There are 2 protein chains.
Amino acid sequence: MIVEPGVARLAEAGADSGTDAAAESTVAGIAAAIGEPARARMLFCLMDGQARTSTELALVAGVSPSTASVHLQRLKAERLVKLFVQGKHRYYSLEGPAVASALESLSVLAGGAGRKFTSSTPNRLRAARTCYDHLAGALGVALNDRFQALGWLAVESAGAAYDLTVEGSQALAALGVDVAATRGLRRRFAPACLDWSERRPHLGGALGAALLQIALKKKWVTPDLDSRALAITAVGRREMLARLGLRV
Amino acid sequence: MIVEPGVARLAEAGADSGTDAAAESTVAGIAAAIGEPARARMLFCLMDGQARTSTELALVAGVSPSTASVHLQRLKAERLVKLFVQGKHRYYSLEGPAVASALESLSVLAGGAGRKFTSSTPNRLRAARTCYDHLAGALGVALNDRFQALGWLAVESAGAAYDLTVEGSQALAALGVDVAATRGLRRRFAPACLDWSERRPHLGGALGAALLQIALKKKWVTPDLDSRALAITAVGRREMLARLGLRV
DNA sequence: ATCATAATTTGATCCTAGGCGAATTGTGGC
DNA sequence: GCCACAATTCGCCTAGGATCAAATTATGAT
């Protein structure tokens with residue numbers, strides 16, 4: 001019997017750590033940083049896009065301030081959070097939308113992993129929530145669909161992003177969005193973001209963030225106790241039906 | 001000075017572990033499972049979609065068979081890999097495309113984390129590679145674009161997936177893809193999969209897998225030593241130019 | 001200047017999780 | 001039935017990491 005060639009190749013690949021082993025090890029580092037319960041709690045708390053101080057994060061993580069501090073150091077070293085200092089307060093927030101996106105995608109796995117799809121009708125998070133700094137959940141997906149149906153939003157760059165049509169720009173301007181300013185920001189304008197509860201994309205990026213700001217300002221939605229969940233107000237229902245033809 | 005209401009709410013949210021703390025903890029578990037270097041190496045090795053035995057995986061991970069065995073148990077418990085037994089061999093493979101997708105999204109973070117975009121011209125993996133069981137890299141994205149330009153592929157369901165047009169079905173049938181059988185499989189037909197090196201979507205799912213099979217069968221691409229990398233053959237260049245008008 | 005508060009650093013403790021070798025189980029070939 | 005091989009389980013060791021209390025640094029208020 002002859003030794004299978006495949007095994008020899010595998011051994012070689014294992015010993016050869018020059019190719020993309022570096023990339024793999026960073027992935028392991030990042031995953032390990034997320035993979036500590038206290039740190040995961042902090043990260044998910046930050047997924048609403050707000051910045052929080054280390055003592056606040058110590059509370060949500062359920063650890064002492066000193067412990068939280070080392071955790072945050074680790075997260076910062078892995079570039080999952082960033083720090084900005086204001087006087088004696090030090091605010092931590094997610095490093096960027098990409099981090100929120102990766103956390104969402106791990107949620108997809110976690111959600112799909114629990115095989116009980118039957119009675120596990122989740123909670124109010126399914127209806128409407130924030131994803132980093134924009135709308136997600138059933139409401140986020142519904143808005144996304146509605147905007148496309150109205151011809152306000154067009155699919156761009158092979159499905160990974162959207163762009164506003166002329167009509168869409170006018171319509172959003174009428175809602176109070178400063179489209180030109182939003183477009184001028186140094187982040188992607190309107191990328192598609194996969195929704196873990198709906199398994200379909202919703203609107204993210206600068207435009208998604210601007211939209212959430214408007215919705216909050218007009219009190220269409222209000223943050224729930226758990227800051228990621230959003231409650232749709234009576235005003236919101238009325239306005240979205242009248243302005244968008246969307247029944248929620 | 002009054003205590004900020006936000007802090008009280010945060011403490012409450014921390015104590016209240018009923019809402020989505022369960023989801024967070026599973027995410028932590030999954031991330032921790034990925035976050036061990038040896039396990040990460042195994043997972044990335046499996047990203048080509050092949051099933052491998054525990055001894056093979058022990059080799060690539062650089063650990064003893066017994067150690068590899070407990071690692072694989074852990075990965076199976078977290079539903080990241082699945083096991084199928086054939087006689088005295090026990091083959092492990094990724095649990096599903098969703099796992100590959102999550103690993104890919106962590107790669108995005110790891111890639112973006114290294115701020116040296118200058119001299120870090122990566123390796124042959126950028127040109128063409130397998131992502132779980134379909135084509136990725138520059139070639140994967142180029143094919144995706146070309147199919148859309150040819151009117152073979154249409155964007156579906158708000159950008160998260162594609163579907164074949166009538167012309168596309170005929171064209172792929174001419175290439176040797178059994179479109180009807182592919183469509184009948186119990187997995188998503190043609191979802192968009194985000195490419196970490198190109199930062200744009202490529203074609204995944206059942207159709208993406210079928211396409212890779214054809215490309216391998218027709219020897220348009222051949223697996224490199226590192227099994228995730230693919231080399232484009234002379235035949236492949238000629239055929240893709242002639243049949244698709246794609247210069248690679 | 002002095003004090004109070006926010007946050008980190010230090011030091012010490014504890015314990016989980018990774019590691020391997022040896023023994024055990026399971027399967028196929030003879 | 002017996003042996004060879006794959007794979008897992010067991011026992012033991014070690015190290016890294018999570019934790020907190022106490023001390024230290026930094027900043028703002030009085």
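Note that these values count all heavy atoms, side chains included, but never hydrogens, waters or copies made by symmetry. In what follows, every chain begins at residue 1, and chains take the letters A, B, ... in the order their sequences are listed. Bear in mind the structure is a predicted one, so any value in this text is a computation, not a measurement.
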Within the 4.5 Å heavy-atom criterion, are A:Glu95 and A:Glu78 side-chain neighbours or not? no

I'd like a list of close polar pairs between nucleotides 9-12 of chain C and the protein, N/O only, cut-off under 3.5 Å.
residue : atom : partner : partner atom : Å
C:dT9   : OP2  : A:Gln73 : OE1          : 3.0

Can you tell me how far C1' of C:dG19 sits from CE of B:Met42, to the nearest Å? 12 Å

When you get a sec, tell me which of D:dT19, D:dA7, C:dG18 is the closest nucleotide to the side chain of B:Arg39? C:dG18

What is the distance, rounded to the nearest whole Å, between atom CZ of B:Arg41 and atom C1' of C:dG18? 12 Å

Only counting residues at least two apart or in another chain, list the ones meeting side-chain contact (heavy atoms from CB on, under 4.5 Å) with B:Ser93. B:Ala51, B:Lys82

Please report the distance, rounded to the nearest Å, between CZ in A:Arg74 and P in D:dG17. 6 Å

Suppose the criterion is side chain to side chain donor-acceptor pair (under 3.5 Å): which pairs have a residue in residues 59-77 of chain A, not counting sequence neighbours? A:Arg39-A:His71, A:Ser64-A:Ser66, A:Ser64-A:Thr67

Heavy-atom check, side chain of B:Val235 versus side chain of B:Lys218, under 4.5 Å: no

Considering only nitrogen or oxygen atoms on both sides, find all protein atoms under 3.5 Å from nucleotides 25-30 of chain D and state each distance.
none

How many whole angstroms separate atom CZ of A:Arg52 from atom C1' of C:dA6? 18 Å

When you check the phosphate oxygens OP1 and OP2 of C:dA6, does a side-chain N or O of A:Tyr92 lie under 4.0 Å from one of them? no

Rounded to whole Å, how long is the line connecting atom NE2 of A:His71 with atom P of D:dG17? 12 Å

Verdict with supporting geometry, A:Leu216 and A:Val221, side-chain contact (heavy atoms from CB on, under 4.5 Å): CA-CA 6 Å; A:Leu216 287 170; A:Val221 295; 3.9 Å; yes

Give a yes or no on whether the backbone of B:Ala110 and the side-chain of A:Thr26 come within a donor-acceptor separation of less than 3.5 Å. no

What's the closest nucleotide to the A:Glu36 side chain, out of C:dG18, C:dA7, D:dA18? D:dA18

Atom CD of A:Glu56 and atom C1' of C:dT8 are separated, to the nearest Å, by 17 Å

Which is true for B:Tyr91 with a 4.0 Å heavy-atom rule: it touches a base, it touches only sugar-phosphate, or it touches nothing? nothing

May I ask you to test the B:Leu75-B:Tyr92 pair for a side-chain heavy-atom distance under 4.5 Å? no

B:Leu72 CG - C:dG18 P separation (whole Å): 13 Å

Side chain of A:Ser64, heavy atoms from C-beta onward: which of D:dC20, D:dA7, C:dG19 has the nearest atom to it? D:dC20

Closer than 3.5 angstrom, by distance alone: can the side chain of A:Thr130 be matched with the main-chain N or O of A:Leu135 as a donor-acceptor pair? no

Do B:Cys45 and B:Arg41 have side chains that get closer than 4.5 Å, going by heavy atoms? no

Measure the angle between the two terminal helix axes of the helix from C:dA1-D:dT30 to C:dC30-D:dG1, five base pairs each, and quote it to 10°. 30°

Exactly one candidate in A:Leu80, A:Leu43, A:Asp48 meets side chain to side chain contact (heavy atoms under 4.5 Å, CB included) with A:Leu94; the answer is A:Leu43

Examine distances only and state if a side-chain atom of B:Thr53 and a backbone atom of B:His89 form a donor-acceptor pair shorter than 3.5 Å. no

Just the rounded figure in Å: distance from C1' of D:dA7 to CG of B:Leu59. 14 Å

Please tell me which of the listed nucleotides, C:dG19, D:dT19, C:dA6, lies nearest to the side chain of A:His89? C:dA6

B:Ala58: which residues meet the side-chain contact (heavy atoms from CB on, under 4.5 Å) condition with it, sequence neighbours left out? B:Ala68

